[in-house]
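When reading the values below, keep in mind they use all heavy atoms of this one structure, side chains included, and skip hydrogens, waters and symmetry mates. We number each residue from 1, following the sequence as shown.
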Amino acid sequence: MDSLEFFFLIAQYFREALPLRLILLMIACQKAGGQIRLTQEEMATVLEVHRGKINEALGEVMSHGIVFKVRRGGATSSTRHTLTV
């Protein structure tokens, strides 16, 4: 299992601390340059929560400047070195 698969598994496994699970999922799914091309619906499906909960958790993560929205349906890291695996 590589590190990205590990982050993906951990994001699915833990049921508490949704913002942390969301960060782990985004790390596991980010593309070159820190781009994360996941919709909130896709995140909700993977993490098995309602989309509204993803919206709340994403808002919390974004409020700390960890990620920012670049267009509808996508997010990218503002601190690429921090989120690059």
Where is the tightest heavy-atom contact between Cys29 and Leu38, given as atom of each residue plus distance?
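For Cys29 and Leu38, the tightest heavy-atom pair comes out as CB-CD1, 3.8 Å.
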
For the student: nearest non-hydrogen atoms of Ile36 and Met26, plus distance
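Between these two residues, the closest heavy atoms are CD1-CB, 3.5 Å.
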
Taking side chain as C-beta onward, heavy atoms only, is Glu60 less than 4.5 Å from Leu22?
no

Looking at [atom1] of [X] and [atom2] of [Y], how far apart are the two atoms once the value is rounded to the nearest 0.5 Å?
| X | Y | atom1 | atom2 | result |
| --- | --- | --- | --- | --- |
| Leu25 | Leu20 | CG | CG | 11.5 Å |
| Gln40 | Glu42 | CD | CD | 11.0 Å |
| Met43 | Ile54 | CE | CD1 | 7.0 Å |

Assess whether side chain to side chain contact (heavy atoms under 4.5 Å, CB included) is satisfied between Glu56 and Leu18, documenting all intermediate values.
CA-CA 9 Å; Glu56 291 173 18; Leu18 185 56; over 6 Å; no

